[in-house]
Chemist: 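Please find one structure pasted underneath; my questions will follow.
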There are 2 protein chains.
Amino acid sequence: MPRTARNPVDTRRRLLEAATRAIREKGFVATSVDDICAAAGVSKGAFFHHFADKEALAIAAAEAFAARAAELFDDPSLDAAATPRDRLFAYVALRKSMLDGEMADVTCLLGTMVQEVWETHPAIRDACALGIGGHAGGLVDTIAAAKADHAPGADWEPESVALHTQAVIQGAFILAKAAGDTAVAVDSLSHLERYLKCLLPVAGSRGG
Amino acid sequence: MPRTARNPVDTRRRLLEAATRAIREKGFVATSVDDICAAAGVSKGAFFHHFADKEALAIAAAEAFAARAAELFDDPSLDAAATPRDRLFAYVALRKSMLDGEMADVTCLLGTMVQEVWETHPAIRDACALGIGGHAGGLVDTIAAAKADHAPGADWEPESVALHTQAVIQGAFILAKAAGDTAVAVDSLSHLERYLKCLLPVAGSRGG
DNA sequence: AGTTTCATACCGACTAGACGGTTTGTAAAT
DNA sequence: ATTTACAAACCGTCTAGTCGGTATGAAACT
């Protein structure tokens with residue numbers, strides 16, 4: 001099925017991709033509609049045909065980003081994990097490996113936007129909150145199962161730990177942007193790994 | 001010494017305070033010079049008399065914010081700590097207690113700005129990096145001393161742990177902004193506390 | 001003591017350009 | 001014939017930054 005020059009699905013996807021890239025680089029406010037149109041190779045008319053306004057595009061981009069993040073849980077390295085605990089560490093390792101690349105390609109669109117517009121654009125904030133919270137939610141069952149296996153009586157909640165992993169990841173991105181280097185983010189994820197080992201000790205071993 | 005209507009030091013301070021508040025609420029790009037002037041109760045002429053441009057103000061605000069953050073280490077609760085380990089936990093407890101208040105009053109100007117302008121305004125990024133890195137640096141000696149006391153042979157570096165504390169704090173702010181509630185940030189700092197207990201075990205006790 | 005000089009501190013109208021969004025027009029598909 | 005999918009000129013608003021001007025006070029000069 002050859003695609004013609006006029007392909008609304010493709011146009012929309014190009015706009016979302018261009019917006020995602022630009023916002024990850026410059027933030028939501030500094031990214032102009034003209035910027036996005038130019039990067040996507042479409043006209044302003046096309047932009048406002050597909051999206052009511054700039055805010056609507058941001059929300060759609062946030063939803064698309066969250067959907068892609070959810071796909072992380074389908075990664076082969078997670079499926080290969082024999083236990084919930086292994087699966088959790090496979091997730092963190094995957095996140096770590098994803099830090100290899102250009103800054104704007106590895107950082108989180110949701111964290112970037114919500115920090116900027118949490119007060120001024122509640123609809124965007126909610127979309128970001130849903131994405132981040134939903135992603136954390138995707139970890140809760142795994143963490144709960146690992147807890148049942150390794151620390152059934154511990155006084156922490158799987159949901160709280162899941163949110164903490166996202167906090168560490170988001171904070172790691174901020175340090176990386178400040179330092180101009182993702183290495184510091186890798187370091188922080190290593191601390192997260194160590195913490196999770198501490199929360200989920202394997203019998204007959206110490207969490208060093 | 002009664003102050004006259006013309007007081008450059010006061011004018012500058014008012015501009016810095018107004019800018020800090022506005023940027024914490026809306027971000028650097030969305031905060032206009034007119035906004036800041038109105039909030040500070042000064043004219044645009046005064047603004048550009050004291051600062052070369054908007055970027056220069058942001059850098060000055062970042063430096064002032066970092067200086068105030070450095071004062072945290074003078075807090076009585078830290079001085080009262082008997083050991084480096086106690087001092088470290090007093091710091092985290094202090095950061096936790098500081099989360100009680102309006103969102104824009106508790107979040108970090110540096111983390112907010114650097115996430116937005118890391119690519120577009122290198123000078124601001126550097127000022128933020130210096131502030132965050134410097135604050136982390138203020139913890140390194142304490143962490144190193146605590147390590148010497150409680151985990152001399154452990155395979156982690158005090159500097160890396162210090163940076164990780166800042167990553168957790170920054171990430172906690174992002175989750176808080178997304179959720180519209182600082183409670184999730186408190187939770188994350190509690191996990192940080194637990195991690196530090198795990199890194200610095202007290203003899204004859206488990207890190208539960 | 002009175003006057004001139006000068007730098008600092010500040011005011012607010014103004015400008016040039018960028019911005020989000022609208023409108024008008026058109027061409028393909030159904 | 002109507003709807004969909006775009007193109008691009010256009011519009012009012014907002015922006016950072018400029019500029020000519022004024023008020024103040026201290027120092028220099030007479």
Side-chain angles (χ1 to χ4, degrees), chain A residues 1-20 22-23 25-62 113 116-117 119-124 127, chain B residues 1-20 22-23 25-62 113 116-117 119-124 127:
Chain A
M1 187 198 300
R3 307 205 147 184
T4 68
R6 301 184 62 206
N7 185 329
V9 175
D10 188 59
T11 300
R12 199 185 140 93
R13 203 203 66 230
R14 288 159 68 90
L15 281 167
L16 286 172
E17 277 176 15
T20 299
I23 294 171
E25 271 172 19
K26 311 192 294 181
F28 172 75
V29 179
T31 296
S32 74
V33 173
D34 285 333
D35 284 345
I36 297 167
C37 292
V42 308
S43 72
K44 222 165 174 177
F47 182 102
F48 285 102
H49 173 74
H50 285 282
F51 300 100
D53 51 26
K54 195 183 159 188
E55 187 182 67
L57 170 75
I59 292 168
M113 279 205 293
E116 198 180 350
V117 304
E119 178 88 280
T120 52
H121 294 71
I124 300 178
Chain B
M1 188 198 300
R3 310 205 144 184
T4 68
R6 301 184 59 207
N7 185 330
V9 175
D10 188 59
T11 299
R12 201 184 138 92
R13 204 204 64 230
R14 289 159 68 90
L15 281 167
L16 287 173
E17 278 176 14
T20 299
I23 294 171
E25 273 173 16
K26 310 192 295 180
F28 173 75
V29 180
T31 296
S32 73
V33 173
D34 285 333
D35 284 344
I36 297 168
C37 292
V42 308
S43 72
K44 218 164 176 179
F47 182 102
F48 285 101
H49 173 74
H50 286 281
F51 300 100
D53 51 26
K54 196 183 160 188
E55 186 182 69
L57 170 76
I59 292 167
M113 278 204 295
E116 198 179 350
V117 305
E119 177 89 279
T120 53
H121 293 73
I124 300 178

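Letters A, B, ... are given to chains in the order of the sequence lines, protein chains preceding strands, and every chain is numbered from 1. These figures come from a predicted structure and were not determined experimentally.
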Chemist: Do any N or O atoms from the side chain of B/Glu116 and from the backbone of A/Glu116 form a donor-acceptor pair under 3.5 angstrom?
Modeler: no
Chemist: Taking atom C1' of C/dC19 as reference, at what distance in whole Å does atom CD of A/Glu55 sit?
Modeler: 16 Å
Chemist: Nearest-Å distance, NZ (A/Lys26) to P (C/dC19)?
Modeler: 8 Å
Chemist: Nearest-Å distance, NZ (A/Lys54) to P (C/dG20)?
Modeler: 4 Å
Chemist: Where the side chain of A/Pro8 is defined as all heavy atoms beyond and including C-beta, which of D/dA16, C/dC10, D/dA5 is the nearest nucleotide?
Modeler: D/dA5
Chemist: Looking at every non-hydrogen atom in both residues, tell me the closest pair between A/Leu16 and A/Ala61 and how far apart they are.
Modeler: CD2-N, 3.6 Å
Chemist: Verify the contact: side-chain N or O of B/His49 to OP1 or OP2 of C/dC11, cut-off strictly under 4.0 Å; return yes or no.
Modeler: no
Chemist: Can you measure A/Asn7 atom CG to C/dA29 atom C1' for me and round it to whole angstrom units?
Modeler: 13 Å
Chemist: Can you see if the side chain of B/Thr11 gets near the phosphate of C/dA9 - specifically, an N or O under 4.0 Å from OP1 or OP2?
Modeler: no
Chemist: Identify which nucleotide among D/dT15, D/dA7, C/dT22 has an atom closest to any side-chain atom of B/Ser32, counting heavy atoms from C-beta outward.
Modeler: D/dT15
Chemist: Rounded off to whole Å, could you give me the CG-to-C1' distance for the B/Asp34 and D/dT18 pair?
Modeler: 13 Å
Chemist: Round to a whole Å and report the spacing from CG of B/Leu57 to P of D/dA16.
Modeler: 11 Å
Chemist: Kindly indicate whether the side chain of A/Glu55, heavy atoms from C-beta on, has any atom under 4.5 Å from the side chain of A/Val117.
Modeler: no
Chemist: Name the residue closer to the 5' end of DNA chain C, choosing between A/Asp35 and A/Ala52 according to the nucleotide with the nearest heavy atom.
Modeler: A/Asp35
Chemist: Side chains of A/Val42 and A/His50: does their closest heavy-atom pair fall under 4.5 Å?
Modeler: no
Chemist: Do the side-chain N or O atoms of A/Lys44 get closer than 4.0 angstrom to the phosphate oxygens (OP1, OP2) of D/dA8?
Modeler: no
Chemist: Looking only at atom types and distance, does a side-chain atom of A/Glu25 sit under 3.5 Å from a main-chain N or O of B/Glu119, one as donor and one as acceptor?
Modeler: no
Chemist: Indicate whether OP1 or OP2 belonging to D/dT4 is found under 4.0 Å from a side-chain N or O atom of A/His50.
Modeler: no
Chemist: To the nearest angstrom, how far is B/Arg12 atom CZ from C/dT8 atom C1'?
Modeler: 15 Å
Chemist: Rounded to the nearest angstrom, tell me the gap between atom CZ in A/Phe51 and atom P in D/dC6.
Modeler: 11 Å
